[in-house]
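Input: a single structure, listed below in structure tokens.
Below, chains carry the letters A, B, ... as their sequence lines are ordered, and counting in each starts from 1.
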Number of protein chains: 2
Amino acid sequence: MKQIQKKNEGTRFKRTPQRLAILEYLEGNTSHPSAEDIFRVVSKRYQSMSFATVYNTLNTLTRAGELRELTIDPERKRYDPDTSRHHHLICVLCGKIADIPEKIGVELPKDMAEHFVLLGHHIEFYGHCSSCRKKNKAK
Amino acid sequence: MKQIQKKNEGTRFKRTPQRLAILEYLEGNTSHPSAEDIFRVVSKRYQSMSFATVYNTLNTLTRAGELRELTIDPERKRYDPDTSRHHHLICVLCGKIADIPEKIGVELPKDMAEHFVLLGHHIEFYGHCSSCRKKNKAK
DNA sequence: CATAATGCTTAGAATGATTATAATTTATAT
DNA sequence: ATATAAATTATAATCATTCTAAGCATTATG
Ligand SMILES: [Mn+2]
Ligand SMILES: [Mn+2]
Ligand SMILES: [Zn+2]
Ligand SMILES: [Zn+2]
């Protein structure tokens with residue numbers, strides 16, 4: 001009894017209307033939105049929604065492993081509903097974050113591998129996105 | 001005249017005692033300290049040092065390309081005097097950040113490479129550092 | 001049904017990192 | 001020496017995020 005509760009602690013949670021609204025917005029969303037981005041959109045539909053609820057929900061989902069918290073933007077956290085292994089490209093001109101599929105094999109140098117237990121990795125690519133490239137060409 | 005000034009704008013700046021104290025602390029430092037880490041140490045030696053000066057200096061150095069600002073720690077910015085291309089391993093247990101030399105060839109998938117202008121990349125490795133590994137074994 | 005227990009939402013306060021402001025000090029140029 | 005510009009300082013302001021305390025909703029209990 002206690003053990004089952006313990007095991008699912010954090011991974012099971014009530015599907016409240018607010019949470020569903022957030023989940024629905026995130027479903028398939030590849031824009032890597034910030035908490036504020038999410039609040040702006042979801043609170044429009046869901047009148048009484050509080051900012052605190054957005055943060056609570058994001059933290060709950062993250063702890064439950066249903067959401068990935070990205071540290072790529074120095075200003076704020078970004079959230080990614082795609083929890084599969086993949087990497088990101090951030091456009092240094094407009095700030096957009098695009099997905100990069102994980103095809104790339106990356107390994108720690110041997111001497112490092114002996115000292116560390118490697119759990120995972122994330123590559124941040126920096127560059128110019130296609131829409132910014134077009135804009136630049138235009139002028 | 002104007003053009004030369006323009007060119008060196010941001011890259012040339014006065015070597016004040018405060019800045020030298022910060023530079024000296026950073027010289028060869030591989031601990032990837034935060035602004036507060038730096039302030040704590042440097043202000044001990046340099047009495048009147050203000051926190052604002054630390055931030056100002058770090059921003060100036062970063063803009064001048066003499067310092068790298070790391071986004072790897074979600075809580076605060078970290079600073080790295082090593083501006084050469086290299087990657088980082090962050091220990092998820094103790095938070096320490098270690099350097100990983102750039103030996104690893106990483107390329108964008110072809111279809112992506114056509115759309116983006118790639119300027120650089122940074123790999124964050126997650127894992128357990130050797131000292132945490134030892135501690136864990138001990139118990 | 002009544003009531004208690006639990007978990008969620010809410011508004012607003014608190015926190016912590018970082019930036020902005022305005023006055024003062026230091027360095028540089030005339 | 002006087003003016004000009006740049007840097008430092010203390011402090012206030014800002015912004016993202018977390019915390020708090022009160023109320024609400026849902027489920028369990030009798
Ligand atoms: Mn993604
Ligand atoms: Mn480094
Ligand atoms: Zn762009
Ligand atoms: Zn460690």
Side-chain angles (χ1 to χ4, degrees), chain A residues 1-2 4-6 8-25 32-40 42-64 66-79 95, chain B residues 1-2 4-6 8-25 32-40 42-64 66-79 95:
Chain A
M1 262 302 115
K2 278 277 170 54
I4 291 168
Q5 272 180 286
K6 195 84 188 178
N8 282 356
E9 180 176 89
T11 68
R12 239 317 124 263
F13 47 86
K14 288 185 191 157
R15 304 279 153 162
T16 64
Q18 291 92 334
R19 286 174 176 174
L20 288 172
I22 294 173
L23 257 320
E24 191 186 345
Y25 173 67
H32 308 92
S34 66
E36 206 202 331
D37 294 335
I38 296 166
F39 176 72
R40 208 182 2 255
V42 176
S43 69
K44 210 169 279 170
R45 309 242 146 188
Y46 204 101
Q47 179 35 257
S48 72
M49 168 82 60
S50 158
F51 218 133
T53 298
V54 173
Y55 276 110
N56 288 341
T57 301
L58 293 174
N59 288 336
T60 301
L61 290 172
T62 302
R63 265 181 252 114
E66 300 198 16
L67 198 58
R68 209 169 129 193
E69 212 176 79
L70 299 181
T71 290
I72 193 171
D73 179 343
E75 307 299 314
R76 68 201 93 252
K77 290 179 186 162
R78 306 290 209 101
Y79 295 89
Chain B
M1 260 308 106
K2 279 277 168 56
I4 291 168
Q5 272 180 288
K6 195 85 186 177
N8 283 354
E9 181 176 87
T11 67
R12 242 316 126 260
F13 48 86
K14 288 182 193 161
R15 304 279 153 162
T16 66
Q18 292 89 336
R19 285 174 176 176
L20 288 172
I22 293 172
L23 257 322
E24 191 185 346
Y25 172 67
H32 308 91
S34 67
E36 206 202 330
D37 294 335
I38 296 166
F39 177 72
R40 205 179 7 250
V42 176
S43 68
K44 210 169 280 173
R45 310 241 146 190
Y46 203 100
Q47 179 35 257
S48 72
M49 169 83 60
S50 159
F51 217 132
T53 298
V54 173
Y55 276 109
N56 288 340
T57 301
L58 293 174
N59 288 335
T60 301
L61 290 172
T62 301
R63 266 182 251 114
E66 301 198 16
L67 198 57
R68 211 170 128 192
E69 212 176 78
L70 299 182
T71 290
I72 193 171
D73 179 343
E75 307 299 315
R76 67 201 95 252
K77 289 180 185 160
R78 304 290 208 102
Y79 295 90

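With salt bridges taken as basic N to acidic carboxylate O contacts below 4.0 Å, none links A/Arg19 and A/Glu66.
Distances from the side chain of B/Arg19 to the nucleotides C/dA11, C/dT18, D/dT8 place D/dT8 closest. Among D/dT17, D/dA10, C/dT10, the nucleotide with an atom closest to any side-chain atom of A/Met49 is C/dT10. When distances are taken from the side chain of B/Arg76 to each of C/dT18, D/dT9, D/dA6, the shortest belongs to C/dT18. Here C/dG7 is the nucleotide among C/dT9, C/dG7, D/dT8 with the atom lying nearest to any side-chain atom of A/Lys14.
OP1 and OP2 of C/dC8 both lie 4.0 Å or more from every side-chain N or O belonging to A/Arg15. A/Lys77 has a side-chain polar atom (N or O) that falls below the 4.0 Å cut-off from OP1 or OP2 of D/dT18. Between A/Gln18 and C/dT10 there is a side-chain N or O to OP1 or OP2 distance below 4.0 Å. Contact annotation: A/Thr16 does not reach the phosphate of D/dA25 (side-chain N/O to OP1 or OP2, under 4.0 Å).
No more than 12 heavy atoms of other residues, nucleotides or ligands lie within 6.0 Å of CD in A/Glu24, so this atom counts as exposed by the packing criterion.
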(request) With side chain to side chain donor-acceptor pair (under 3.5 Å) as the test, would you mind laying out the steps for A/Ser34 and A/Asp37 before giving the verdict? (result) CA-CA 5 Å; A/Ser34 66; A/Asp37 294 335; 3.1 Å; yes
(message) Go through it in stages, so that I can follow the logic: the residues are A/Thr62 and A/Tyr79, the test is side chain to side chain contact (heavy atoms under 4.5 Å, CB included), and I'd like the CA-CA distance, side-chain angles, deciding distance and then a yes or no.
(response) CA-CA 9 Å; A/Thr62 302; A/Tyr79 295 89; 4.0 Å; yes
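Residue A/Asn56 contributes atom CG, which lies 18 Å from atom P of D/dA16 at whole-angstrom precision. The distance between atom CZ of A/Phe51 and atom P of C/dA13, rounded to the nearest whole Å, is 17 Å. Residue A/Arg63 contributes atom CZ, which lies 13 Å from atom C1' of C/dC8 at whole-angstrom precision. For the pair A/Tyr55 OH and D/dT18 P, the computed distance is 7 Å after rounding to whole Å. Following rounding to the nearest Å, B/Phe39 (CZ) and D/dT8 (P) show an atom-to-atom distance of 14 Å. B/Asp73 places its CG atom 18 Å from the P atom of D/dA16, with the value rounded to the nearest Å. Protein atom CZ of B/Arg40 is 14 Å distant from nucleotide atom C1' of C/dA17, rounded to whole Å. In this entry the distance linking OH of B/Tyr46 with P of D/dA7 reads 14 Å, nearest Å.
A/Arg78 contributes no side-chain N or O that, together with a main-chain N or O of A/Leu70, makes up a donor-acceptor pair within less than 3.5 Å.
Within the 4.0 angstrom heavy-atom criterion, no nucleotide atom of any strand lies near B/Ser34. A/Thr53 comes within 4.0 angstrom of a base, heavy atoms only. Within the 4.0 angstrom heavy-atom criterion, only backbone atoms of the sugar-phosphate kind lie near B/Asn59; the bases stay farther away.
Rounded to the nearest 0.5 angstrom, A/Glu36 CD and A/Lys77 NZ are separated by 15.0 Å.
Residue B/Ala52 is the one, among A/Glu36 and B/Ala52, whose nearest nucleotide of DNA chain D lies closer to the 5' end (criterion: closest heavy atom). Both B/Tyr79 and A/Gln47 sit near DNA chain C, but only A/Gln47 has its closest nucleotide nearer the 5' end.
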